[in-house]
> 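Quick one: the structure is below, questions incoming.
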Amino acid sequence: MSFDGNETISAPVPVPHVVVALRDQGRGKEHALALDGRRFVIGKSPGCDVVVDDPYVSGVHCLVERRGDGGLLVRDSGSKNGTQVNGIPIEIADVGPGSVITIGQTRLVALSQRGRAPLTAVEQLRGRDPRFRAAVDLALRAAHAECSVLVVGETGTGKELVARAIHEASPRGRGRFVALNCGAIPRELIGAELFGHVRGAYTGATDDRDGVFVTADGGTLFLDELGELPLDLQPNLLRVLETRRVRRVGGSDERDVDVRIVAATNRLEGLGTEASPLRLDLYHRVAAVVVTLPPLRVRRDDILELAEAFLDEVADRFGRRKLTADARDAMWRYDWPGNVRELRLAISRGCALRDGDVDAAALGLAPLDNWRDPAAGSRPGARDHRAVMRPLRSDGLPRHERLVRDDMARALETNGTLRAAAREIGMPRSTFSDKARRYGLLIPRAKRR
C-alpha cells in the first residue's frame with residue numbers, strides 16, 4: 001500500500017526459519033499466521049485468532065508471538081491442561097518450522113513458507129492414523145533426551161524420516177545428521193565406513209579417512225538396517241557405543257566422539273530375543289526407546305492425504321495433476337507392500353505416464369472384482385484386507401515394480417554408478433542399492449572381468 005504517492009510498505013519477505021502457518025494434524029486444517037502480526041491467540045473461544053474445537057482446550061489456551069526477526073514464541077496462558085512443544089510441557093518456548101504444539105488432544109505443526117525452503121521432517125510426516133501419530137509423538141518426546149532410539153518398521157514406512165525428525169527436534173538439531181545403510185556396504189568395508197581408516201590399512205586405502213562416527217560428531221548418526229550388520233562385527237560397534245571412542249582401521253590412536261545414535265531395522269523376526277539377527281546386548285544399547293511405525297496397509301485412511309502431498313511434490317516437474325475416481329478407489333484398495341515409499345513412486349510414475357489426470361492404469365494398480373471392504377471382518381464372504389488388491393504381473397514382478405526396475409536399469413546403464421543413477425531418478429542411494437540387489441541389477445564382484 002502507498003503513502004503520499006512515494007513510500008511503499010511491503011510485508012516482510014519470508015525466510016526459511018519463519019513459521020507462516022499451523023497445521024492441525026487431526027483435522028488437516030491450516031491456520032495462517034500473518035507475517036506482519038505480532039500476537040495470535042489460540043483457544044476454543046470464537047474470538048481467538050486460531051480457534052480449536054477440542055473440549056480439552058481452554059477458551060484462551062496459549063499465545064503465539066512473532067519476534068522482530070520473524071521467529072515465534074509460544075506462551076501458555078494459564079490453561080487447565082497446559083501446553084507442550086515437541087512433547088515437553090512449557091510456559092514459554094521458541095517455535096520453529098516442524099515444531100509440534102500440543103494443546104489438549106490437538107497437535108499443531110508449525111509450517112515454513114512452502115516453495116522457499118524444504119519441508120522439515122516433521123512437516124513431511126503426514127497422516128492422522130492414531131498408531132502413526134502415537135509413534136511420531138513418542139519420537140518427538142525422545143528427541144529431547146540423549147538416549148538412543150530404535151525405529152522399527154517395514155521397508156518404506158519412513159524410518160529415516162522419523163530419524164531426521166528426532167534430530168531436528170533435538171538440541172543437536174544444528175549439528176550434522178549422518179545416515180549409513182548397514183546393509184548396503186560390502187562386508188570388508190564396514191569397519192572403515194563406521195570408524196574410518198589410515199593410509200595403507202588395506203588395498204585401496206590411499207589416504208587417511210574419517211568414518212561416520214567422526215563425521216557425525218556433535219550431531220546424530222542414523223544407522224539404517226542395523227539388523228543387516230554381520231553378527232561378528234556387531235561387538236565392534238557395541239564397544240564404540242559404550243566407550244564413545246573410535247579407532248580407525250589400521251590405526252592405534254583413539255578419538256572421543258559425541259554422537260546421538262538413532263538406529264532402524266526392518267528385521268522384525270525375534271527382535272529383542274536370541275533369535276534376532278541383532279545381538280541382545282547391542283539391541284539393549286540402541287533400544288532405550290523403541291518407535292514402531294505401522295505399515296501403510298493399516299493406515300488406509302491416510303493414503304489419499306499422502307497421495308495429494310506427493311502430487312504437490314512433483315507439480316513443478318509435471319504440472320498440477322489430479323487423481324481420477326478409479327485411481328483413488330484403486331489406491332485405497334491396494335495393499336502397498338512397499339508402503340509410503342511405493343506410494344510416492346507410484347504417484348511420480350503416474351504423472352510421468354499421463355499428460356492429464358492420473359488414473360489407476362498409470363499407477364499400475366488393478367482392483368479385484370470380488371473385493372470387499374476390510375471392515376466387513378468375519379462376515380460371510382468377507383476377504384482378508386491383505387488380499388484386496390493385486391498388481392498386474394510380468395516376469396514374476398508386479399507391473400509397477402517392473403517399471404521401477406526398468407527405470408533403474410536404464411539409469412545404471414547411462415550413468416555407470418549407483419550414486420549417479422539414484423540421483424537421476426530421484427531415489428535415495430541406499431534405497432536404490434537395496435532394490436538393485438533385489439532385482440538382480442548388480443553384477444557380483446567375481447564376475448566383473
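Side chains included, hydrogens not; waters and symmetry mates left out as well; all remaining heavy atoms used. Throughout, residue positions are numbered sequentially from 1 according to the sequence presented. Here the structure is a predicted model, which means the values were calculated and not measured.
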> Classify the angle between the aromatic ring planes of H167 and F177 as parallel (below 30°), tilted (30 to 60°) or perpendicular (above 60°).
tilted

> Rounded to the nearest 0.5 Å, how far apart are CD1 of I42 and NE2 of H61?
9.0 Å

> Pick one: which of D258, D256, D217 meets salt bridge (Lys or Arg N to Asp or Glu O under 4.0 Å) with R245?
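Exactly one pass, corresponding to D256.
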
> Tell me if a side-chain donor or acceptor on E168 pairs with a main-chain N or O of A121 at a distance below 3.5 Å.
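At least one qualifying donor-acceptor pair exists.
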
> Locate the shortest heavy-atom distance separating C182 from L226; write the atom from each residue and the value.
SG-CD1, 4.2 Å

> Where do R321 and V358 come nearest, in terms of heavy atoms and distance?
CB-CG2, 4.3 Å

> Does the side chain of V178 come within less than 4.5 Å of F213's, by heavy atoms?
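Heavy-atom side-chain distance check fails, nothing below 4.5 Å.
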
> Indicate yes or no: does R438 engage D434 in a salt bridge with an N to O separation below 4.0 Å.
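Looking at D434 together with R438, the answer is no, because their closest N to O distance does not fall below 4.0 Å.
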
> Taking the side chain as every heavy atom from C-beta outward, state whether L271 and T265 have any pair of such atoms under 4.5 Å apart.
yes

> Looking at D53, I'd like to know if its CG atom is crowded, meaning that more than 12 non-hydrogen atoms belonging to other residues, nucleotides or ligands lie closer than 6.0 Å.
no

> Applying side chain to side chain donor-acceptor pair (under 3.5 Å) to E154 and T157, what does each step give before you reach the verdict?
CA-CA 6 Å; E154 296 179 5; T157 50; over 6 Å; no

> Take R299 and R131 through the side chain to side chain contact (heavy atoms under 4.5 Å, CB included) test and state the conclusion after the steps.
CA-CA 8 Å; R299 298 174 52 197; R131 288 157 294 194; 5.7 Å; no

> If you round to the nearest 0.5 Å, how far is CG of L194 from CG of N236?
9.0 Å

> With the side chain counted from C-beta on, respond yes when L293 and V152 share a heavy-atom pair under 4.5 Å apart, and no when they do not.
no

> Apply side chain to side chain donor-acceptor pair (under 3.5 Å) to T215 and D210, showing your working.
CA-CA 7 Å; T215 304; D210 289 332; 5.6 Å; no

> Is a donor on one side and an acceptor on the other found under 3.5 Å between the side chain of S45 and the backbone of C48?
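No.
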
> Taking the side chain as C-beta and beyond, is there a heavy-atom pair between V85 and V100 under 4.5 Å?
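The answer is no; the side chains never approach within 4.5 Å.
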
> Should the pair E228-R267 be classified as a salt bridge under the 4.0 Å nitrogen-to-oxygen rule?
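Result for this pair is yes, salt bridge flagged.
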
> State, to 0.1 Å, how close V286 and A263 come at their nearest heavy-atom pair, and which atoms those are.
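Distance-wise, the nearest heavy atoms are CB-CB, 4.4 Å.
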
> With sequence neighbours left out, what residues match R320 under side chain to side chain contact (heavy atoms under 4.5 Å, CB included)?
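By the side chain to side chain contact (heavy atoms under 4.5 Å, CB included) rule, R320 matches E308, L311, D312.
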
> Indicate yes or no for a side-chain donor-acceptor contact from E305 to the backbone of D302 under 3.5 Å, with no hydrogens or angles considered.
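Such a contact is absent between E305 side chain and D302 backbone.
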
> With a 4.5 Å limit on heavy-atom distance, are the side chains of L241 and I261 in contact?
yes

> Would you say R176 has more than 12 foreign heavy atoms packed within less than 6.0 Å of its CZ?
no

> Over all heavy atoms of both residues, which pair between A169 and A143 is shortest? Give the atoms and the distance, please.
CB-CB, 3.9 Å

> Measure across A307 and L343 and return the closest heavy-atom pair with its distance rounded to 0.1 Å.
N-CD2, 4.2 Å

> So which of E342, R297, R300 actually passes side chain to side chain donor-acceptor pair (under 3.5 Å) with Y334?
E342

> Quick one, R23 with Q25, criterion side chain to side chain donor-acceptor pair (under 3.5 Å). Give me CA distance, side-chain angles, the key distance, then yes/no.
CA-CA 6 Å; R23 184 176 68 214; Q25 286 289 84; 3.0 Å; yes

> For A275, does its backbone N or O pair with a side-chain atom of T273 as donor and acceptor, under 3.5 Å?
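The answer is yes, because a donor-acceptor pair under 3.5 Å joins these two groups.
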
> What pair of heavy atoms forms the shortest contact from L278 to L282, and how long is it?
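Looking at all heavy atoms of both residues, the shortest contact is CD1-CD2, 3.8 Å.
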
> Does a salt bridge link E313 with R344, judged by any charged N lying under 4.0 Å from a carboxylate O?
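Yes, E313 and R344 are salt-bridged.
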
> Does the side chain of Y56 come within less than 4.5 Å of I103's, by heavy atoms?
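Contact flag for I103/Y56 side chains = no.
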
> Please check if the side chain of N339 supplies one atom and the backbone of P295 the other of a donor-acceptor pair under 3.5 Å.
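It does not hold such a pair.
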
> Applying salt bridge (charged side-chain N to carboxylate O under 4.0 Å, His left out), run through E65 and R75 and close with a yes or a no.
CA-CA 8 Å; E65 302 174 9; R75 299 176 185 269; 2.9 Å; yes

> Under 4.5 Å between any side-chain heavy atoms of V259 and T220, yes or no?
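No; the side chains remain at least 4.5 Å from each other.
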
> Is a salt bridge present between D137 and R107, judged by a nitrogen-to-oxygen distance below 4.0 Å?
yes

> As a test of understanding, state which of R239, R244, R248 forms a salt bridge (Lys or Arg N to Asp or Glu O under 4.0 Å) with E254.
R239

> E242 vs R285, test: salt bridge (charged side-chain N to carboxylate O under 4.0 Å, His left out). Steps then yes/no.
CA-CA 8 Å; E242 290 176 338; R285 173 61 63 176; 3.8 Å; yes

> Closer than 4.0 angstrom, basic N to acidic O: yes or no for R164 and E160?
yes

> Does a side-chain N-to-carboxylate-O contact under 4.0 Å join E146 and R260?
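Salt bridge flag = no for R260 with E146.
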
> Under the salt bridge (charged side-chain N to carboxylate O under 4.0 Å, His left out) test, which residues partner D232, sequence neighbours left out?
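In terms of salt bridge (charged side-chain N to carboxylate O under 4.0 Å, His left out), with neighbours along the sequence ignored, D232 is linked to R187.
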
